[in-house]
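Reminder, nothing fancy here: chain letters follow the sequence lines and each chain counts from 1. Values reported hereafter were calculated over all heavy atoms of this structure, with side chains retained and with hydrogens, waters and symmetry mates removed. Everything numeric here is computed off the predicted structure, so don't read it as measured data.
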Number of protein chains: 2
Amino acid sequence: MNINDLDYFNQLIKRKNFSKVAADFNVTQPTITMAIKRLEREFNATLFLRDRVHNELIVTPSGEQLAVHAQTILNELQVAHRELSHLADQHMVLGLPPIIETYYFPKVAAQLQQQGILENIQTLAGGSVWLRNALRDGQADVALLGSTEPLAYRTLVAEEFDRQPFNIFVSAQHPLAARKRIYFSELKREKFVLFNSSFVHNTAFNKLTRRNHFRPDVVFQAADTHVIMNLVAENVGVTFLTGIVDQHRNDVVRLELLDDEQPTFISSIVTRTSHVLTPMQQRVIQVLQGTLEE
Amino acid sequence: MNINDLDYFNQLIKRKNFSKVAADFNVTQPTITMAIKRLEREFNATLFLRDRVHNELIVTPSGEQLAVHAQTILNELQVAHRELSHLADQHMVLGLPPIIETYYFPKVAAQLQQQGILENIQTLAGGSVWLRNALRDGQADVALLGSTEPLAYRTLVAEEFDRQPFNIFVSAQHPLAARKRIYFSELKREKFVLFNSSFVHNTAFNKLTRRNHFRPDVVFQAADTHVIMNLVAENVGVTFLTGIVDQHRNDVVRLELLDDEQPTFISSIVTRTSHVLTPMQQRVIQVLQGTLEE
DNA sequence: GGATACTATAAATATTTTTTATAGTCGCCG
DNA sequence: CGGCGACTATAAAAAATATTTATAGTATCC
């Protein structure tokens, strides 16, 4: 049995049209007909019903079931290709969401440099959700991910290394600047400048607004914490970020939240369950664990 | 790329010998050489080092990594074959460990019969551990499994439907027969007749003996609860089983355990995450849920 | 009734895999 | 040391498979 056949099949499931699938793969239409026939013979099942009357292609239960497995197999192959290509290049792709890249990675990089393995690391930036998928499809081998709940996925292994509360940052000229701690509900009338690229902050923020029954007035969303901090300093609005972002500015004040049951920013080291660590990769992971878990 | 190549590769990983793999598949030796070459070209990596000096075959890191994926892919295909074969025969294989088969299944079967779908069920008997693997490799489509901890596996979905405490059963002539409840530690000097085929009972039993610091005197292990009960009635020993086994005998007395933190016998309906339910299979699951969850 | 949009079939070609036959490498042992 | 045994590799031929080309079939739409 040929993998191509599964590829054709998989595409036919999506496209529901033999000729178009053929075009997608730059082969002629009978090729697809034959491929499906081979699969139908191999699995001894009808995979599609050719409904000429309504001119549509119906996927049988057997077809649906096979589609699930075909998908897994094709993904597994893709991951294999990517993983082996990383191995060949002697590097490891480390996924980093922007916040983690800015505030945790420098420490890690220094350690990796000392051990002479920094050159084997290739970073891949992206939001937490996107990186999770990049891990799954083999684009990344390891990722440091932020989340509000402990991560638990079928194909990934996560090891938590830090928990940080979320804080409120206001301008030094802001009336609340004199305070050290506040309740989230006190922010009902404030304007917010928020972080947009990371889904995690939004999740946490939305939880809190919902729990406190208000619709926040979000005046701006930025992808970079420095931009946000500058806007906060200018008193354009207040923001909601993790404490690690603090960074000794004197034009911005950090306020702790007093609410019970606050969401926390959980940081984890995540890998694929199927990923086999080389000795070099094990050292990288050890450095990550050592540096990040204090 | 051909699945056969992965099959050859997978076997070579196990056997570490080209000629033997060739023999295993009834092909000639150059076939294996070529297959590995094709994979090495396809993945642009060396998969094995042929160490002529020590006359052994060394698997490279790339080889190790590919092996993991090859295994997954081959398993996925095997599952697909089995699942589609069940679909073709219009049946569903239901795995049942002996205890569950005896004490829960009759109720279920009656309901399934009423709905006219009993004939579509094929049961598969086996211990919990064995059935878990049967689910994973597609031999079974659904299983009712017993466990002492909630089931959580990567490739399986479990839905709990019952929790039962474990009980002690003694002969009506036994000194303890007058009691209703006892502490497990009071059984230090007893002889035990235990259930052997189900790993779950042993796990729970061992937990308790360990916690109470004694080495139990196990005089016999049987695969059938009736045998055990008969031995208990004859006062050969006492036993440790779930309450459902009770079955109105007057020569045997059931004692509840007074210990805090007792292990419980958790029963769950388990399926593969990758399994697509047909309408008929959905009805079966509904009957299972309806009947078993009261 | 002809044009259009699909899928299927059959024969010819092209491609890929396997076999056959043989060579190469190394260790072992008399 | 030389021949034998246990391996794997290579090359050419043969066999098996997949793809293309060309064409037929079936149903819809106008």
Could you please spell out the steps behind the salt bridge (charged side-chain N to carboxylate O under 4.0 Å, His left out) verdict for E101(B) and K107(B)?
CA-CA 10 Å; E101(B) 181 168 33; K107(B) 282 194 281 180; over 6 Å; no
R50(B) and E56(B): salt bridge (charged side-chain N to carboxylate O under 4.0 Å, His left out), yes or no, with the steps?
CA-CA 7 Å; R50(B) 289 71 164 178; E56(B) 57 184 354; over 6 Å; no
Could you walk me through whether F9(A) and F43(A) pass the ring-ring contact (aromatic ring centres under 6.0 Å, His included) test, one step at a time?
CA-CA 13 Å; F9(A) 168 75; F43(A) 287 97; 8.5 Å; no
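Across N75(B) and R136(B), no two heavy atoms sit closer than the pair ND2-O, 3.7 Å.
For T33(B), no side-chain nitrogen or oxygen approaches OP1 or OP2 of dT8(D) to under 4.0 Å. Phosphate proximity of dT19(D) to R38(A): present, with a side-chain N or O under 4.0 Å from OP1 or OP2. For the OP1/OP2 pair of dT19(C) and a distance below 4.0 Å, the side-chain nitrogens and oxygens of T31(B) include at least one atom meeting the criterion. For dC7(D), the OP1/OP2 oxygens have a side-chain nitrogen or oxygen of N17(B) closer than 4.0 Å. Of the side-chain N and O atoms in K37(B), one or more sit less than 4.0 angstrom from OP1 or OP2 of dT10(D). For the OP1/OP2 pair of dC6(C) and a distance below 4.0 Å, the side-chain nitrogens and oxygens of R50(A) include no atom meeting the criterion.
Ring geometry for F195(A) against H201(A) counts as perpendicular: the plane angle is over 60°, on a 0 to 90° scale with 30° as the lower cut.
Just one of R41(A), K37(A), R38(A) meets the salt bridge (charged side-chain N to carboxylate O under 4.0 Å, His left out) condition when paired with D5(A); it is R38(A).
Mapping K20(A) and N2(A) onto DNA chain C by nearest heavy atom places K20(A) at the nucleotide closer to the 5' end.
Summarising the local packing, CD of Q282(B) is surrounded by more than 12 heavy atoms from other residues, nucleotides or ligands at distances under 6.0 Å.
Taking a 4.0 Å limit (strictly below) on heavy-atom distances, residues 21-30 of chain B reaches DNA chain D at Q29(B), P30(B).
For M1(A) and dA18(D), the CE to P distance is 11 Å, given to the nearest whole Å. The CG-C1' distance, from L49(B) to dC7(D), rounds to 16 Å in whole Å. Rounded to an integer number of Å, the gap from L57(B) CG to dT25(C) P is 18 Å. Look at CZ on F18(A): it is 19 Å from P on dG25(D), rounded to the nearest Å.
Separation of the F18(A) and Y8(A) ring centroids does not fall under the 6.0 Å cut-off.
In the helix from dG1(C)-dC30(D) to dG30(C)-dC1(D), the terminal helix axes, each the rotation mapping four pairs' C1' atoms onto the next four within five end pairs, subtend 10°, rounded to 10°.
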Could you pull out all donor-acceptor pairs under 3.5 Å where a side-chain atom in residues 151-159 of chain A meets a protein atom, sequence neighbours excluded?
residue	atom	partner	partner atom	Å
Y153(A)	OH	R132(A)	NE	3.2
Y153(A)	OH	R132(A)	NH1	2.9
E159(A)	OE1	Q289(A)	NE2	2.6

